[in-house]
Each structure stands twice: as structure tokens, then as C-alpha cells.
Number of protein chains: 2
Amino acid sequence: MAIFNDFLRDRRRDELSSEDLQALEASVHAVQNVPARHSLAISKQPIGVSTYLIEGFICRYMDDREGVRQLVAVHVAGDFVDLHGYPLKRLDHDVATLGPCRIALVRHEAIDQLVRDRPNLTKLLWFSTLLDAAMHREWIFRLGRLDAVARVGHFFCEIEAKLRAVELSDGRQFSCPLTQADIGEACGMTSVHINRMLKELRERGLMHMQRGRVTILDLPALRRLSEFDPSYLFIGE
Amino acid sequence: MAIFNDFLRDRRRDELSSEDLQALEASVHAVQNVPARHSLAISKQPIGVSTYLIEGFICRYMDDREGVRQLVAVHVAGDFVDLHGYPLKRLDHDVATLGPCRIALVRHEAIDQLVRDRPNLTKLLWFSTLLDAAMHREWIFRLGRLDAVARVGHFFCEIEAKLRAVELSDGRQFSCPLTQADIGEACGMTSVHINRMLKELRERGLMHMQRGRVTILDLPALRRLSEFDPSYLFIGE
DNA sequence: CGCTTGGTTGACTACTATCAATTTGCGTGG
DNA sequence: CCACGCAAATTGATAGTAGTCAACCAAGCG
């Protein structure tokens, strides 16, 4: 099947035995395609399935009083998007696709069985939810300590590193269906200001973005500007 | 021993069997007192023990280039502060006490055994690390979408709710050793502006803070102002 | 080829940081 | 008990950054 081909790729994947992996594959109960801008889960509702992202981009977000979104995570291929919903039993945020996606659904009863029978796989599933937590922390840092240019730069450094781990970026180019409004929702800024910061990054020769395609011109400089250190992603360990 | 008396209190604690709890207690290898402003763990270093907070306040934080802190979490009694270090094997942030603390240390080999033998306890330990992730998300929301007054208010709403779950707040008063500089490091603001926002909250009759003691004057109004909804803390479920 | 969505720019406003000076509270030692 | 010293809190003046509002442009689609 190879649905989980990208799961934890470059992150402790070797700790997964082939039996563990097979058991994981066997626990999938459906694979489906979902169009862009489509809601996958609503906050506070009890859930009984978790979503693994095979291909595409998914975001998790919360709305403020006026309905303005704050993204709390952006997921790419290989991410177990809402596995945390398994121990939590309900979500504290909404989930939606950004671009068109291909997803696999896993029922929580199936995970129960994995937890009962496979301590090693369990620990890795746990690990993967904690990777998300580590990214959350980095987002807190980004919002709390970086100025506007660095925030945008940092955001793209993260996306780039995540995509590279699953070979969807070569360190120079990758596709990314986010609009400037989406980026604003991720970075706690208005789309107008995102536009200006992208202009600045372009003029500084660091990166540019057009029609869903991001080009990184100077990754080391971009990372320096953004105080980005990828170690929190646990890639290559 | 009753070290874990406050662990997950009011949060699925009932799902813990007494044998599970005993096994957890038995896994503690030391209990110690730590003074205020004391470092407990350094970012990136491999760790083999996790810290459970019996009493006091602990923070987790990251430094920016200039060494300015950004807090990513504040922990109170009953929190398993860095249990996520067990699956991760190293931390992506520093840990330090805020006030004087009493902590219990648990070796990761001991947790290995729990994971092997006790799927139900494992799931609850996993759950507790995901509570932290849910709080991280709320911090992202706070930093990304709230203005200065609401950020401070939201911060105290969270602390109050967490303390109440372990009966350290009665909904009106609690002690809290954070300085205005600490609060600034949590809310992504300067201590000067924190001072002004506290003044505003005081003048609006919502809350005030002096000498490590917080008084909430109008919790519903404070929560409204701060767009605070405690459901992400999973208290009383 | 007009419509709609997303991107771009300018002018102006509002919020928060910065810098600097005081004040307050409290522990220490005379 | 009081004087000193330090850390934390408070306040004012000013600067800088990001938001708001509004208009316009560009690209993709039916």
C-alpha cells in the first residue's frame, strides 16, 4: 500500500519495524481526495477518526470573536494531521484543506489496538504528536519575538524544511498553495503587511513567491534573518 | 506517597486505575526542592529524566538572538513539565523554576516499562503531553490575534483555570510569583507595557496583582475581554 | 471578455516599543 | 530601628512598526 511512505520520513523512521509499519497501514479504513478550502473537522466535536495527509496542504486554525482565523499549524505530506485527537477525543480547533489533498483516515479503535499490541509504534506515534507541539512552540517564539519580516521568513523556512524532509523541496523551489491572506493568518498579520514583507524579502534577494510557487534565493541568509534553527523538527535523527 | 495527587486532577483522572497510579508513583526516583530562578534543563541536550511539578511554578522558554526570552509554557502543581522529553529524547527549549519548587524526577527507563505494560496509563501520559500542546495553540492564538490588554487578561485566565483545577485558586485569589517582566516574556511584550496593561485591567475593575498575589475582581468580564474559553484545558471531563 | 479573487500600493492612524527617570518595597547590616 | 541598596513597579515623552482604509492592478475562469 505504502500510504505511510512519508510518515516520519527522516525522523526516527528507522525505529519503525516493518511489522509495525504494516500494522499501521492495515489500520487505514479509507483513502480519499478532498478539494481545496474544504473543512475536515470542527472544534469541540467528539471525533473517532484521525487524518493522515498523503498529499497536499492542510491547516489547523482557531477563530477569534470576529471570525478572523489564526492558523496554529500547517501540514504537508507525511503529517498525521490530527492524531492528537486520539488521546484527546475531541479537537480544540478546526481543520481544513488549503489546496486539494489526498488523505487517509484511521479509526481510533484501530489505534487502540496498536497501542495495546505495539509499544514501540505507540511511542513513535506519540513522538509524532510531540513534533507538532515542538512546532507550536516555534510558532509562539515567532509571534512573540520576531518582527514582521522575520516572521514571514521563519514561516517559509519551516515549510521548506518540512517539505525537504519528504523530498518536495530541493532547498530552492517548492509549490505552496497559500495566499498572502493565509500567510497573514499564520503569522498574526494582515495580508497587506504580508504583501509588503514579501516585497522586502524579494528586494533583499532572499526569496520570492508567485502563483503558488516559492523560490528561495538565499536560504542561509533567510534563516539568519529569521533566527531559524531547524533542530526542533528532528530531521535526520 | 501521593506525589501524583494533583496529576490530571479534574482531567480524566478517573481513567487511571489505582494500579496504574501506583506504578506511576513507584517510577519516581527522587523528590527534591529547587530554589526560585533555577535552571532545570537546557535546550538540545539529551535527557533521560522527566520532571513532575509537585509544588511551585516552572516555565519553559526559548531565547532569541539577543538572549531575550520567550516563554512557551508556564507550569503549576500537577503538571508533568517535560514528559514530552521522553519520546523526543532531547528538548527544544530550556526549563527553569520561577518561584521555589518541589519536583519529582522520573527516569525514562521507568517510563519505558510503563509503556510496555500499561497501555491505559500510556494513553493518559500521552494525553497529558497533548494538553500542553493544546495550551501552546492557545498561546499562538493569544499572540497572533489579541491586543495587549486581552493578551495579559488571557494569560491570567489560563493560570487561574489551571490553578483552580488543583484547588490553588478559588476563582478570586491565588498566588503567582511572576514579575511583570516574566509576564512580558510570556505575552511577547515589554515589561513597561505589561505594567500599563495591568493598570488598565485594574482601572477597569477586572483584576489586580501585587506582591505575588493575584486578585480577580470580575472573572466573567475578564474572560469576555480576553476571548478566553477554558475548554482547551479539558477540565472537568 | 467581464467577473472575481488575489496581489499591490499609498496615505493615514493606532498601538506598542524604547529610553529615561522616579518611586516603591523589602532585605541586609549597622 | 533606621539607612542603604537592589529589584521591581510606575510614569512620561518620543519613535517605530504594523493596522486600516481605499483604490487600483493582474490573472484565471466561465
Side-chain angles (χ1 to χ4, degrees), chain A residues 35-38 57 64-70 98-100 142-156 175-203 207-215 225-226, chain B residues 35-38 57 64-70 98-100 142-156 175-203 207-215 225-226:
Chain A
R37 311 281 155 181
H38 189 268
F57 286 74
D64 74 3
R65 205 195 319 266
E66 275 116 36
V68 185
R69 280 183 178 190
Q70 173 65 47
L98 287 162
R142 177 195 298 158
L143 291 169
R145 284 293 162 257
L146 300 183
D147 64 13
V149 216
R151 284 224 281 277
V152 178
H154 191 282
F155 177 75
F156 281 105
S175 61
C176 174
L178 305 218
T179 65
Q180 295 185 357
D182 294 328
I183 301 164
E185 289 168 354
C187 296
M189 300 162 52
T190 60
S191 61
V192 174
H193 208 54
I194 293 291
N195 184 282
R196 293 181 171 127
M197 296 304 102
L198 284 176
K199 184 182 179 184
E200 170 137 11
L201 290 171
R202 201 187 316 136
E203 287 174 348
M207 62 163 284
H208 63 89
M209 175 175 200
Q210 53 190 325
R211 263 167 280 117
R213 189 128 204 102
V214 175
T215 306
L225 169 83
S226 312
Chain B
R37 312 279 155 181
H38 189 269
F57 285 74
D64 75 2
R65 207 195 317 266
E66 275 116 36
V68 184
R69 279 185 179 190
Q70 173 64 49
L98 288 163
R142 177 195 298 157
L143 291 168
R145 283 291 163 259
L146 300 183
D147 64 12
V149 216
R151 284 223 281 276
V152 178
H154 192 281
F155 177 75
F156 281 105
S175 61
C176 174
L178 303 220
T179 65
Q180 294 184 358
D182 294 328
I183 301 164
E185 289 169 354
C187 296
M189 300 161 53
T190 60
S191 60
V192 174
H193 208 55
I194 293 291
N195 184 281
R196 294 183 169 124
M197 296 303 102
L198 284 175
K199 183 182 181 185
E200 169 138 11
L201 290 170
R202 201 187 317 134
E203 287 173 348
M207 63 164 283
H208 63 88
M209 174 176 201
Q210 52 190 323
R211 265 166 279 119
R213 190 130 203 101
V214 175
T215 306
L225 169 83
S226 313

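First the proteins, then the strands, lettered A, B, ... as listed; each starts at 1. Keep in mind that this is a model prediction, so the values were computed, not measured.
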What is the distance, rounded to the nearest whole Å, between atom CD of Glu200(B) and atom P of dT10(D)? 14 Å
Determine whether a donor-acceptor pair (N or O, by modelled atom type, separation under 3.5 Å) exists between the side chain of Arg145(B) and the backbone of Asp64(A). no
Each nucleotide N or O in nucleotides 18-25 of chain C that has a protein N or O under 3.5 Å away: list the pair and distance.
unit_1	atom_1	unit_2	atom_2	d
dT18(C)	O4	Arg196(B)	NH1	3.3

Within less than 4.0 Å of OP1 or OP2 of dG7(C), is there a side-chain N or O belonging to Asn195(A)? no
Does a side-chain N or O of Gln180(B) approach OP1 or OP2 of dT10(D) to a distance below 4.0 Å, or not? yes
Is the backbone N or O of Glu185(B) less than 3.5 Å from a side-chain atom of Arg69(B), with the two atoms forming a donor-acceptor pair by type? no
If I take atom CD1 in residue Ile183(A) and atom P in nucleotide dT8(C), what distance separates them, rounded to the nearest angstrom? 10 Å
Could you tell me whether the phosphate oxygens of dT8(C), OP1 or OP2, come under 4.0 Å of any side-chain nitrogen or oxygen in Lys199(A)? no
Could you give the CG-to-P distance, from Leu201(A) to dT8(C), as a whole number of Å? 12 Å
Just by modelled atom types, is the His154(A) backbone N or O under 3.5 Å from a matching donor or acceptor in the Ser226(A) side chain? yes
Just by distance, do the side chain of Arg202(B) and the backbone of His208(B) share a donor-acceptor pair under 3.5 Å? no
Answer with base, sugar-phosphate or nothing: what part of the nucleic acid does Gly184(B) contact at a heavy-atom distance below 4.0 Å? nothing
Once you apply a heavy-atom cut-off of 4.0 Å, does Gly212(B) come out as touching a base, just sugar-phosphate, or nothing? nothing
